[in-house]
Q: 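Please read through the structure below; I'll follow up with questions.
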Amino acid sequence: MSLMKLAMAVACVAATVTASAQVQQQPPPTATTKVEGTDNVYIFRYQGHQSMFVVTPEGVIATDPISERRPVKAYIDAIQAVTKAPIKYVIYSHSHLDHIAGGKAFKDLGATFIAQKNAKARIEEVKPADVVVPDEVFDDRKVISLGGTTLELIYVGKNHSDNMLVMRLPRERIIFTVDWIPLQAVQFRGMADTYVPDIEEGLKKVIAMDWDRIIPGHPGPGGRQIGTREEAINQLDYLQDLSAAVKKAVSEGKSYADAEKEIKLPKYESWGGYGPFLPMNIERYYDYWNRGI
Ligand SMILES: [Zn+2]
């Protein structure tokens, strides 16, 4: 066999192995990723959810426990694989249980739980056993300083819940905020617990803030874990386009069913959830324009 033929044969076998590996490959259930260009910012992914944690010499600032109906140990182990420093804080992005369940194990390690004040009332209403009620709440703004890292907790008003935080690392120019600024996706299902049109005002406030990268609560297409300012700008464009189209349909006397069938927003066709969720997003805005709710 000539060298060329041998090289081709090897390449061919390699390609076959790669192809079969791709077919069989499932992403592992959990993964820890250090955010490129930072010294101490990590993303912990647990199946389809993700949280940010920040490691400092004086301790760890963790966010959402993301352990509804699954062992929270995976998240704690992921942190302790990076540092033995104590977990000082757990900060809730917002009150939705799929993001905040599982905090008890963090509490047992001595963490202080912080949330926006409206989250506390909601959590107390629906609280399952493994959800920790926040120890500290605040209204508009709070700054956490720990081991040389500053994390701002900012409330920009109602959007996806009445208690969503934007967590901003000013030095790293990164924000972490969950569910309402997805990566290349329409809003989830019927936009439950989402305030319209307040969410659009919130997006304008986030766009006006100083940051470069966003860590959302779920990976996007292809497993992408981090977005750019474009995500917020595009999401605002989407909601404004959706709102205008639904407003027009309502003003023309269209029914829910006709609005949901006829409105197409081809610019966003490639986004996650476009097929199943666009009609549900339309219904949410239909209620707003038709009834003011
Ligand atoms: Zn949510």
Side-chain angles (χ1 to χ4, degrees), residues 43-53 62-70 72 75 90-103 106 113-128 130-134 137 153-168 175-203 205-206 214-221 224-227 231-232 234-236 238-239 242 271-274 276-278 280-281 283-285 287-288:
I43 300 172
F44 173 68
R45 180 186 60 76
Y46 206 161
Q47 293 169 335
H49 288 70
Q50 59 183 25
S51 285
M52 177 181 79
F53 67 93
T63 63
D64 300 344
I66 53 172
S67 296
E68 190 177 42
R69 292 186 285 272
R70 57 195 178 196
V72 69
Y75 189 1
V90 173
I91 303 166
Y92 289 157
S93 61
H94 67 305
S95 59
H96 295 167
L97 300 179
D98 59 315
H99 291 275
I100 67 167
F106 286 90
F113 283 62
I114 300 177
Q116 202 278 337
K117 76 167 197 270
N118 299 332
K120 187 170 180 177
R122 177 66 73 93
I123 291 164
E124 283 173 334
E125 279 166 20
V126 296
K127 185 186 174 300
D130 65 341
V131 173
V132 173
V133 175
V137 295
L153 312 180
I154 305 159
Y155 179 60
V156 296
K158 297 173 179 179
N159 42 64
H160 171 96
S161 83
D162 66 358
N163 55 69
M164 177 67 66
L165 293 184
V166 177
M167 303 185 205
R168 190 176 85 100
I175 61 169
F176 172 65
T177 192
V178 168
D179 284 346
W180 66 302
I181 313 179
L183 304 184
Q184 290 171 286
V186 304
Q187 294 286 313
F188 183 63
R189 298 186 64 90
M191 301 174 69
D193 206 13
T194 294
Y195 294 80
V196 171
D198 313 55
I199 186 170
E200 296 167 35
E201 296 312 307
L203 282 162
K205 289 181 190 169
V206 170
I214 178 171
I215 301 172
H218 304 273
R224 186 161 66 99
Q225 294 191 282
I226 301 178
E231 320 296 341
N234 293 344
Q235 188 62 216
L236 179 60
Y238 165 67
L239 291 177
L242 172 67
W271 282 17
Y274 179 90
F277 299 160
L278 178 65
M280 302 166 92
N281 287 189
E283 182 166 336
R284 178 70 195 89
Y285 269 88
D287 281 331
Y288 174 69

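Note that this is a predicted model, so its numbers are computed, not measured. Just follow the structure's listing: the first ligand is 1, and inside any ligand the first atom is 1. Only heavy atoms go into these numbers, but all of them, side chains included; no hydrogens, no water, no symmetry mates.
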Q: Mind checking the CH2-CD spacing from Trp271 to Gln184? Nearest 0.5 Å is all I need.
A: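 Between atom CH2 of Trp271 and atom CD of Gln184 there are 8.0 Å.
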Q: Which N/O/S atom belongs to His94 and is the closest one to the Zn ion (ligand 1)?
A: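 It is NE2 of His94.
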Q: Working to 10°, measure the angle at the Zn ion (ligand 1) formed by atom OD2 of Asp179 and atom NE2 of His160.
A: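 The two atoms form an angle at the metal of about 90°.
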Q: Looking at the Zn ion (ligand 1), is there an N, O or S atom belonging to Asp98 that lies under 2.8 Å away from it?
A: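 No, Asp98 does not qualify, because none of its backbone or side-chain N, O or S atoms lies under 2.8 Å.
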Q: To the nearest 0.5 Å, what is the distance between OG on Ser161 and CH2 on Trp180?
A: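 Answer rounded to 0.5 Å: 10.0 Å.
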Q: Aromatic rings Tyr75 and Phe53: how do their planes relate, parallel, tilted or perpendicular, breaks at 30° and 60°?
A: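 Answer is tilted, since the angle falls between 30° and 60°.
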Q: Can you tell me the N, O or S atom of His96 that's nearest the Zn ion (ligand 1)?
A: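 Answer by atom name: ND1.
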Q: Identify which one of Val131, Asp98, Ile100 satisfies the side-chain contact (heavy atoms from CB on, under 4.5 Å) criterion when paired with Glu68.
A: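 Of the listed residues Val131, Asp98, Ile100, the side-chain contact (heavy atoms from CB on, under 4.5 Å) partner of Glu68 is Asp98.
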